[in-house]
Amino acid sequence: MAEATDTEPASGGPEHRYSASLAQGIETSWQDRWEAEGTFEAPNPAGPLADADLLAERGEKLFVLDMFPYPSGAGLHVGHPLGYIGTDVFSRFKRMTGHNVLYSMGFDAFGLPAEQYAVQTGQHPAVTTDGNIANMRRQLRRLGLSHDTRRSISTTDPDYYRWTQWIFSQIFNAWYDERTGTARPIDELVSEFASGERSTPDGRPWDALDPAERRRILDDHRLAYVSEAPVNWCPGLGTVVANEEVTADGRSDRGNYPVFKRNMRQWMMRITAYADRLIDDLDLLDWTDAIKTMQRNWIGRSHGARVDFASPAGPLTVFTTRPDTLFGATFMVLAPEHPAVETLTTPEQADAVADYRRAASAKKDVDRQDESREKTGVFTGSTATNPVTGDEIPVWIADYVLMGYGTGAIMAVPCGDQRDFEFARRFGLPIPAIQQPPATWFEARDITPSLDTSKWPEAFVGDAPYVNSSNGALDLDGTSSVAEGVATVNSWLSDNGHGEATVTYKLRDWLFSRQRYWGEPFPVVYDADGNPHTLPDEMLPVLLPETDSFSPRTFDADDEFSDPESPLDRLSDWVEVELDLGDGPQTYRRDTNVMPQWAGSCWYELRYLDPTNSNAFVDPEVERYWMGPRADLRPDHPGGVDLYVGGVEHAVLHLLYARFWHKVLHDLGHVSSLEPYARLFNQGYILANAFKDERGIYVDATAVTEVDGQFLHEGQPVEREWGKMGKSLKNAVSPDEMYEAYGADTLRLYEMAMGPLDASRPWETRDVVGMYRFLQRLWRTIVDEESGAATVSDGPADEETRRLLNRTIDIVRTEMDALRFNTAIAKLIELNNHVTKVHQATGSTPREVAESMVLMAAPLVPHIAEELWSRLGHDSTLTYEEFPSADPALLVDDEIEMPVQIKGKVRARVMVPADADEATIRQIALSDERVLAALDGADPESLRKVIVVPGRMVNLVP
RNA sequence: GCGGGCGUGGCGGAACUGGCAGACGCGCAGGAUUUAGGUUCCUGUUCCUCGGAGUGUGGGUUCGAGUCCCACCGCCCGCACCA
């Protein structure tokens, strides 16, 4: 198995040396014992997993969660479990400091790879998936992860996706009430319409509407709705995909196929209703600013104003963040797709406009969004009225205005917006100045100050006094703050009926249907009129029907005008169904879409809490216990998982969708927590050298040798680069190789020691041996390599050892609690290096030292720690032993060494009493020979400056 | 272009609120054990003209800067004609 013979320790040596094979034996037998004893099972406060006594014994609750994996067929490489090892060490540490830790692992198993494999082989994806999950469970178990395996789920289990479908129904049967700022059941909307508390869109009484009209109104309010809208059609995948799954260059996240905008009838989720809360509640979360910023940018809230411009096609509404610049709006630009373009186009301009629109529609979004491109556009022939100046201004179309943002129309202020400036220059449109830029602005551009914009090299953006900005009723001239200008114009606009202050978002509703096979079926049927109905709860789950035709109709990846065809469409026996939904038996058609892969990951952490509950997706009491808000920690604590660890790649997909679902569930009263993940920690990636040959093809990294700084593969020079570990770069290292050569504890320790958990770091197989040697030394300080007997003594340790031990305990506790395992390990090694010397001198290790070392190492290297613990005479697992605490008396020394600096350079060290005051320290320092020598004759009594920082250092300035 | 982050020995990385730069590990050198290689153990290891210099570069604040401020260079990540 292990090819890396140069790193593999040879067999031989003393019988009881901590060798790879000894480690393997220890590891597997402890893994068996943990499983048999249910060591890591965490008790619930209620339901089938309840155990009141155990709950009382375990202490404060703590929910630690990994982003669950997709069970890939390739299995794990050593890069995958970095985060899992981190959460395991933390969970084990917390168990030893009095916490009831919920720690489990599930599988996000719906999705494309299993389906594509099924298409190729004809094997049902469920079979592939189950096999992959079993394999992954085995690999994770071999690492010694302390999961409560009773709580493990797969998103593909019918018992799981039954509740995914149930949550969908909840969302479908809910609407967002702007007045309360929450989702509410749709029945309450009906009551409000019926009672007249809320008026219908056209003001007619609810009773006066026919059933179809009522339905339409309700459907328009639902949080999950079917809509005909421009969506991302990906012929290469045969399905539509969400905005979040389209890359910046207009291709699919998965498979990298072209994506086209097409109008299609699809399921959408009204995530935009939650835009404000999704932004504002980020303030409640203990997440990195980087991730919060990404979410804020994705939601893209901008404050501004809606302004109406009168035109022959009726009022043209624009969105602007700078209503204060309205006096400088000298033309308008509409997106080529804007519905008013048809009406506005005059006969003379008809051909030019038609040509331009055709050219624009042929372009992909990517090309349209290339900023460096010269501005293009066409005049429609019509004008609109600037509401503050009363001027007639020309209306153009141009592809730099996007139909998908704001209103698809802009007012152009060429003096204050760079794009408008370029457009006006290109087409000879007027550029009146409406602000007086400061002198420094002109100086920086090396021109003389002037309001003649033909001299300006670019638009001016910022605070500056307004000019030419009054119309009698509205006067900005003299004002010089943008904020003030905006406020003044906004109130004028609403007072005069020309617009109002408003907020716009980049976030679009979430496209929720996919035309694939391997996903959750929608719990939806359509009646004879084509109206969707969710199935009653007792009809769930809607099982994914059996078939041997898993593939959607596939198309040429560039065939924009193909149409999606779901595999479920073909199953006519399944699609047509006779049901009684309350109006007597009728024939319905099932929805043949499936949900996107993100659906199952929107709520999986909740199912870990109560995995076998068949009455509810989670018992509210159990949810409150594990995830309820912790006002005791912080008044505004939102609740949720205490620690969530995963990669940064889910910053806007999974993490945004899951927050949205969780908030809906909260609003509908199903969960007490406001947010799913209170604290998020992004672990880094393990990188590895990858090597390319002269043809640019990756070669097997294990077959590359380094000779004098040159990298060779089969004698040929190859080029080195860094990359994420994986199959595609041919640089994956399997954990099995590491078990074979060193064992799981060494692998765990190496991954934790190689750097801080949140940093990406390069894998170096040759470095692993350092941690192996440490474990051998640790073993040797407690176990005799010849006899296997423990070599501990019961007398007290010497003073120096006890002080070092207690200092180490103090630091290791702090570091582990802060997830800084790399520095905790360094301290343990230092301690062990010292204890090794004691052992060599006396032939034994004092028991108090040995036991503390084993307990401190246990979270990191649980197998060897358990084995040593048992050899120290303990019968039961150390999982719930108390983590060592430092004796404060041993943390302070009587005398400490202090550096003495002369002009900031360390010249000497002196010993001073730990509690010495400044004067004493000064006196000691200034009487030290080496200090006097270093002062080089300067009079110690007439130094220019003497700085004494007690406990730190002394600095002398002659 | 905008936003965020990061630059420390041959390598991975330590250094808490400014206070002994280079903890710990790898590698390397020397030694012990071994027939030998490997393993294991011990000692040393920032650099150089041995007195200094040194945390990407150049300035600044300070008694004192890897840490704070300014400018620049380089790398990484996210967003990108967002009105």
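Each chain gets a letter, A, B and so on, in the order its sequence line appears, and its residues count up from 1. These figures come from a predicted structure and were not determined experimentally.
- With hydrogens and angles left out, the side-chain atoms of A/D276 and A/Y505 include a donor and acceptor closer than 3.5 Å.
- Side-chain contact annotation: A/T376 with A/Y356, donor-acceptor N/O pair under 3.5 Å present.
- Here A/R780 reaches the OP1 or OP2 of B/C41: one of its side-chain N or O atoms lies under 4.0 Å away.
- Taking atom CD on A/Q901 and atom P on B/C63, their separation rounds to 14 Å, with Å as the unit.
- Among B/G19, B/U40, B/G12, the nucleotide with an atom closest to any side-chain atom of A/M953 is B/G19.
- Distance from the side chain of A/R17 is smallest for B/U39 among the nucleotides B/U39, B/C26, B/C42.
- Taking every heavy atom of both residues into account, A/I829 and A/M771 meet most closely at CD1-CE, 4.0 Å.
- If you check B/C42, B/A83, B/G78 against the side chain of A/Y405, the one that comes closest is B/A83.
- Side-chain proximity of A/K837 to the nucleotides B/C63, B/A23, B/U43 is greatest for B/U43.
- Of the N and O atoms on the side chains of A/T765 and A/W763, at least one donor lies less than 3.5 Å from an acceptor on the other residue.
- Between A/W298 atom CH2 and B/G78 atom P there is a gap of 12 Å when expressed in whole angstrom units.
- Rounded to an integer number of Å, the gap from A/N833 CG to B/C24 P is 8 Å.
- Within 4.0 Å of A/M754, counting heavy atoms only, lie sugar-phosphate atoms of the nucleic acid but no base atom.
- An anti orientation is assigned to B/G4, its glycosidic angle lying beyond 90° of 0.
- By the 4.0 Å N-to-carboxylate-O rule, A/E785 lies close enough to A/R780 to be salt-bridged with it.
- The interatomic distance linking A/R952 (CZ) with B/A21 (P) rounds to 13 Å, in whole Å.
- The listed nucleotides are B/G27, B/G19, B/G25; the one nearest the side chain of A/I947 is B/G19.
- Each of A/A759 and A/D417 has a nearest nucleotide on RNA chain B; the 5'-most of these lies closest to A/A759.
- Side-chain atoms of A/D767 stay outside donor-acceptor range of the base of B/C26, with no qualifying N/O pair under 3.5 Å.
- Between the side chain of A/E751 and the backbone N or O of A/R748 there is no donor-acceptor pair closer than 3.5 Å.
- Along RNA chain B, the nucleotide nearest to A/Q776 and the one nearest to A/E830 differ in position, and the one closer to the 5' end is contacted by A/E830.
- Using a cutoff of 4.0 Å between basic side-chain nitrogens and carboxylate oxygens, A/D767 and A/R773 are not scored as salt-bridged.
- If you check B/C24, B/C82, B/G3 against the side chain of A/T293, the one that comes closest is B/G3.
- Minimum atom distance to the side chain of A/V401 is reached by B/A83, of the listed B/C81, B/C63, B/A83.
- Spacing between atom CG of A/N243 and atom P of B/C82 amounts to 17 Å, rounded to whole angstrom units.
- Between A/R419 and A/E422 there is no salt bridge, since no side-chain nitrogen of the basic residue lies less than 4.0 Å from a carboxylate oxygen of the acidic one.
- Nucleotide B/C24 holds its C1' atom 13 Å from the OH atom of A/Y750, rounded to whole Å.
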Practice prompt. Starting from the C-alpha separation in whole Å, work towards a yes-or-no answer on side-chain hydrogen bond (donor to acceptor under 3.5 Å, both in side chains) for A/Y685 and A/E649.
Written response: CA-CA 11 Å; A/Y685 295 104; A/E649 71 272 16; 2.2 Å; yes
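- With both ends at atom P, the span from B/U55 to B/A21 equals 12 Å, rounded to whole Å.
- Between A/L804 atom CG and B/A23 atom C1' the separation is 13 Å, expressed in whole Å.
- Distance from the side chain of A/N822 is smallest to B/G13 among B/G19, B/G13, B/G10.
- Below the 3.5 angstrom threshold, one finds no donor paired with an acceptor across the side chain of A/K827 and the base of B/C24.
- Between B/G12, B/G78, B/C41, one nucleotide has an atom nearer to the side chain of A/R761 than all others, and that is B/G12.
- In this structure, the OH atom of A/Y685 is 11 Å from the P atom of B/C77, given to the nearest Å.
- The side chain of A/I410 sits closest to B/A83 out of B/A83, B/A23, B/G12.
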Worksheet item: Tell me, what's RNA chain B's dot-bracket, Watson-Crick or G-U with both distances under 3.5 Å, | for other-strand, [ ] crossing?
Response: (((((((..(((......[....)))((((((.......))))))(((..)))..(((((..]....))))))))))))....
